[in-house]
Enquirer: 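Sharing a structure below in structure tokens format, with a few things to ask.
None of these values were measured; they are calculated from a predicted model. In what follows, chains are A, B, ... by sequence order, proteins preceding strands, each numbered from 1.
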2 protein chains.
Amino acid sequence: MQDKITKLFKAIADPTRRDIFHALVIATSALSITQISSQFDISRQGVTKHIKTLEEAGLVYINTNGRERFCNANAKPLKEVSKWVQFYSQFWDNSLQDLENYLNTPKNG
Amino acid sequence: MQDKITKLFKAIADPTRRDIFHALVIATSALSITQISSQFDISRQGVTKHIKTLEEAGLVYINTNGRERFCNANAKPLKEVSKWVQFYSQFWDNSLQDLENYLNTPKNG
DNA sequence: TTAATATGCAACTTTTTGGTTGCTTAATAT
DNA sequence: ATATTAAGCAACCAAAAAGTTGCATATTAA
């Protein structure tokens, strides 16, 4: 498919997936697929697909118990996102870069 | 379309777009569409589309000069991503949450 | 003024994504 | 043993995304 970091970015790009992830993070115990589904307007299969995407991004891991699959959130992979963003943080507070680019933009004459 | 934060997440979810954004950030001067295109394997129109997506996410702004459009990166919107990630950072270093969920997962008997 | 350049716009194609339904299977409860 | 429940798998669908080509237009250079 695609590289790990892209999988991760894609996983959190979908609002429903962010919501599911959030629900798992704040949950006091692991949630089964059915339990998650009950909190969302989409079908159980829809949830299953989202969970799979989150799992492949490393944001969810699953604890199978009998016929149930208990989903846990794992925030660790978000460290990568944090690192990615952090590089650009040097450019956002001072608008030095903006000014520099502005001054370097060729003008008429 | 969709909410601002989702636009932002979607914008950075595409690897080509991340590359374009990066090229603009590290560039010493603003780059025209043609200049950007020359650095990538996709067509000029493809680049134009990506730039539009980045622009709508607030990550790029454009300085038109005659027939040329000089693109600048703007990292500020990434603060939102940083904030989003930061909330989850409390869950990644201690694996307390993991342990808790593990203990709360129903077991046989 | 004519040629070349930089770009936008529109239409179109392909692939991916987010979602669905139907059916099967395995585990549990009655 | 039988019914119920939890879930996977496969096929399908519609919309969005990523990319293309062709053409029009405005600016600039020769």
Side-chain angles (χ1 to χ4, degrees), chain A residues 1-21 23-24 29-57 59-72 105-109, chain B residues 1-4 6-21 24 29-57 59-72 105-109:
Chain A
M1 198 230 210
Q2 57 211 343
D3 58 297
K4 210 166 166 58
I5 190 84
T6 297
K7 265 191 193 173
L8 182 56
F9 274 112
K10 290 236 163 123
I12 60 174
D14 183 81
T16 304
R17 239 151 21 219
R18 283 199 305 279
D19 288 348
I20 291 175
F21 176 70
L24 290 176
S29 75
L31 301 178
S32 72
I33 301 287
T34 303
Q35 285 172 331
I36 298 168
S37 304
S38 71
Q39 299 185 33
F40 294 88
D41 272 347
I42 59 176
S43 70
R44 178 177 56 81
Q45 291 305 335
V47 170
T48 296
K49 280 197 176 183
H50 282 311
I51 288 291
K52 198 183 172 193
T53 304
L54 288 167
E55 204 186 357
E56 282 172 3
L59 292 168
V60 158
Y61 63 95
I62 295 173
N63 215 311
T64 301
N65 183 256
R67 65 186 162 180
E68 288 173 295
R69 298 180 71 224
F70 291 97
C71 304
N72 303 274
T105 303
K107 296 292 170 204
N108 288 320
Chain B
M1 197 230 212
Q2 57 211 343
D3 58 297
K4 210 167 165 59
T6 297
K7 266 191 191 173
L8 182 57
F9 275 113
K10 288 238 161 118
I12 59 174
D14 184 84
T16 305
R17 234 145 31 214
R18 283 199 306 278
D19 288 349
I20 292 175
F21 177 70
L24 290 175
S29 74
L31 300 177
S32 72
I33 301 287
T34 304
Q35 285 172 332
I36 298 167
S37 302
S38 70
Q39 299 185 34
F40 294 88
D41 273 345
I42 59 175
S43 71
R44 179 179 55 79
Q45 292 304 336
V47 170
T48 296
K49 279 197 177 185
H50 283 310
I51 289 291
K52 199 183 171 194
T53 304
L54 289 166
E55 205 187 357
E56 283 173 2
L59 292 168
V60 158
Y61 63 95
I62 294 174
N63 216 311
T64 301
N65 183 256
R67 64 185 163 181
E68 288 173 296
R69 299 179 71 221
F70 291 97
C71 304
N72 303 274
T105 302
K107 296 290 171 206
N108 287 322

Enquirer: So what's D/dT27 paired with, Watson-Crick or G-U wobble, going by both distances under 3.5 Å?
Expert: C/dA4
Enquirer: How close or far is atom C1' of D/dA6 from atom CG of A/N65, stated in whole angstroms?
Expert: 12 Å
Enquirer: Atom OG1 of A/T34 and atom CD of A/Q39: how far apart are they, to the nearest 0.5 Å?
Expert: 12.0 Å
Enquirer: Excluding sequence neighbours, so at least two apart, what forms side chain to side chain donor-acceptor pair (under 3.5 Å) with A/D3?
Expert: A/T6
Enquirer: Once you apply the 3.5 Å cut-off to both distances, tell me the Watson-Crick or G-U wobble partner of C/dC23, or none.
Expert: D/dG8
Enquirer: Rounded to whole Å, how long is the line connecting atom CD of B/Q35 with atom C1' of C/dT5?
Expert: 13 Å
Enquirer: Separation of A/E68 atom CD from C/dT25 atom C1', in whole Å?
Expert: 16 Å
Enquirer: Quick one: A/I12 CD1 to C/dG18 P, roughly how many Å, whole number?
Expert: 13 Å
Enquirer: Output the rounded distance in Å from CD (A/E56) to P (C/dT17).
Expert: 11 Å
Enquirer: In whole Å, I'd like the distance from the CD1 atom of B/I33 to the C1' atom of D/dT27.
Expert: 16 Å
Enquirer: Mind listing the side-chain donor-acceptor pairs of residues 44-53 of chain B below 3.5 Å, one per line with the distance, residues two or more places apart or on another chain?
Expert:
residue	atom	partner	partner atom	Å
B/T48	OG1	B/R44	O	3.1
B/H50	ND1	B/R17	NH1	3.2
B/T53	OG1	B/K49	O	3.1

Enquirer: Starting at atom CG of A/L31, determine the distance to atom P of D/dA6, rounded to an integer number of angstrom.
Expert: 14 Å
Enquirer: Going through the checks in order, is the side chain to side chain contact (heavy atoms under 4.5 Å, CB included) test met by B/D19 and B/F40?
Expert: CA-CA 9 Å; B/D19 288 349; B/F40 294 88; 3.5 Å; yes
Enquirer: To the nearest 0.5 Å, what is the distance between OG (A/S32) and CG (A/N65)?
Expert: 11.0 Å
Enquirer: Produce a footprint string for nucleotides 13-20 of chain D: one letter per nucleotide, 5' end first; B if the base is under 4.0 Å from any protein heavy atom, S if only the sugar-phosphate is, - if neither.
Expert: ----SSBB
Enquirer: Assess whether side chain to side chain contact (heavy atoms under 4.5 Å, CB included) is satisfied between B/F21 and B/I12, documenting all intermediate values.
Expert: CA-CA 9 Å; B/F21 177 70; B/I12 59 174; 5.8 Å; no
Enquirer: Please determine whether any donor N or O and acceptor N or O are separated by less than 3.5 Å between the side chain of A/R67 and the base of C/dA27.
Expert: yes
